[in-house]
Amino acid sequence: QGQLVESGGGSVQAGGSLRLSCAASGYIFGRYCVGWFRQAPGKEREEVATLSAVGTTTYLDSVKGRFTISKDNAKNTLYLQMNSLKPGDTAMYYCAASTQITVSCFGRKNRYNYWGQGTQVTVSS
């Protein structure tokens, strides 16, 4: 059974940067779709960035050019580099992994069957 553990969240001022990490056990990144999602209070969980098994990345429009999803195969860790953070980025961020889909990863939230516990990101103006 796979487990995902996020880290790297925190509080920053607008314009700042954070790098989130997601360490996996019992799951190998690179074989299926993986992604980062976020959920703000009172809002639905939304996809932020996904990475397919063939290396295709897809981003939420509002984070394009500011966020980068990547993975380190040797460490079996997924990352989300977040630059130029805005107050609207404030949310709980979750790492997720699928064992069902390998491509067309974005827009298929219900096909992710492993989820981390989340890490809070707070951006102040």
Side-chain angles (χ1 to χ4, degrees):
Q1 196 75 357
Q3 286 190 322
L4 306 176
V5 179
E6 302 99 334
S7 61
S11 296
V12 297
Q13 290 191 326
S17 298
L18 285 172
R19 188 177 79 156
L20 306 184
S21 299
C22 174
S25 59
Y27 182 91
I28 304 297
F29 288 124
R31 296 180 179 177
Y32 294 92
C33 292
V34 293
W36 288 95
F37 295 71
R38 69 186 182 188
Q39 187 168 19
K43 295 187 177 181
E44 290 190 3
R45 190 172 297 189
E46 64 180 356
E47 291 156 305
V48 176
T50 59
L51 177 62
S52 78
V54 295
T56 302
T57 58
T58 309
Y59 297 93
L60 181 68
D61 283 347
S62 64
V63 308
K64 284 180 181 177
R66 300 189 297 121
F67 290 12
T68 303
I69 186 172
S70 63
K71 62 180 174 66
D72 184 326
N73 291 332
K75 296 182 178 179
N76 202 31
T77 300
L78 185 69
Y79 300 101
L80 184 68
Q81 178 66 44
M82 305 186 295
N83 299 326
S84 302
L85 282 161
K86 303 176 180 180
D89 296 318
T90 295
M92 184 73 78
Y93 282 72
Y94 299 89
C95 170
S98 175
T99 59
Q100 301 175 16
I101 53 174
T102 59
V103 294
S104 300
C105 305
F106 205 88
R108 304 172 77 181
K109 181 171 54 179
N110 61 343
R111 302 300 293 275
Y112 290 79
N113 45 322
Y114 290 132
W115 292 84
Q117 82 289 349
T119 185
Q120 178 68 38
V121 172
T122 302
V123 184
S124 58
S125 57

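All of these numbers come straight from a predicted model, not from anything done at the bench.
At distances below 3.5 Å, at least one donor-acceptor pair connects side-chain atoms of Tyr59 with backbone N or O atoms of Ile69. In terms of modelled atom types and a separation under 3.5 Å, the side chain of Lys109 and the main chain of Arg45 share a donor-acceptor contact. Looking only at distances, no side-chain donor or acceptor of Gln117 sits under 3.5 Å from a matching main-chain atom of Val5. The main-chain N or O of Leu4 is never found under 3.5 Å from a side-chain atom of Trp115 such that the two would form a donor-acceptor pair. Counting only distance, with no hydrogens or angles, the side chain of Glu6 and the backbone of Cys22 share no donor-acceptor pair below 3.5 Å. Side-chain atoms of Glu47 do not come within 3.5 Å of backbone N or O of Phe106 as any donor-acceptor pair.
One distance of note links CZ of Arg19 with CE of Met82; it measures 11.5 Å at 0.5 Å rounding. Annotation: the span from Gln1 atom CD to Ser25 atom OG amounts to 10.0 Å, rounded to 0.5 Å. With values rounded to the nearest 0.5 angstrom, Ser62 atom OG is found 7.5 Å from Lys86 atom NZ. In this structure, NZ in Lys71 is found 12.0 Å from OG1 in Thr57, a value given to the nearest 0.5 Å. Atom OG1 of residue Thr122 and atom CG of residue Leu85 lie 10.5 Å apart, to the nearest 0.5 angstrom.
In this structure, Leu20 is a member of the same hydrophobic cluster as Val63, with clusters built from ILVMFWY side-chain heavy atoms closer than 4.5 Å. A continuous path of Ile, Leu, Val, Met, Phe, Trp and Tyr side chains, each step under 4.5 Å between heavy atoms, connects Tyr114 with Leu80, placing both in one hydrophobic cluster. Linking ILVMFWY residues whenever their side-chain heavy atoms come closer than 4.5 Å, directly or via other members, leaves Val121 and Met92 in distinct clusters.
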| task | Test side-chain contact (heavy atoms from CB on, under 4.5 Å) on Val103 and Thr56 and set out the steps. | result | CA-CA 8 Å; Val103 294; Thr56 302; over 6 Å; no
| said: side-chain contact (heavy atoms from CB on, under 4.5 Å) for Trp36 and Leu78? Distances and angles first, verdict last. | reply: CA-CA 9 Å; Trp36 288 95; Leu78 185 69; 3.6 Å; yes
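Remark: Arg108 pairs with no residue by the side chain to side chain donor-acceptor pair (under 3.5 Å) rule, at least two apart or across chains. Annotation: ring pair (Phe, Tyr, Trp, His ring centres under 6.0 Å) contacts of Phe29 (sequence neighbours excluded): Tyr27.
Contact check for Thr50 versus Cys33: no side-chain heavy atoms found under the 4.5 Å cut-off. Inter-residue side-chain proximity for Tyr112 and Phe37 is flagged as met; some heavy-atom pair is nearer than 4.5 Å.
Of all heavy-atom pairs spanning Gln81 and Asn83, the tightest one is NE2-OD1, 2.9 Å. Between Ser125 and Pro87, the shortest heavy-atom contact is CB-CG, 3.9 Å.
The environment of CD in Gln3 is sparse: at most 12 heavy-atom neighbours from other residues, nucleotides or ligands sit within 6.0 Å.
Pairs passing the side chain to side chain donor-acceptor pair (under 3.5 Å) check and including a residue from residues 89-103, sequence neighbours excluded, read Arg38-Asp89, Arg38-Tyr93, Arg66-Asp89, Thr99-Asn113, Gln100-Arg111.
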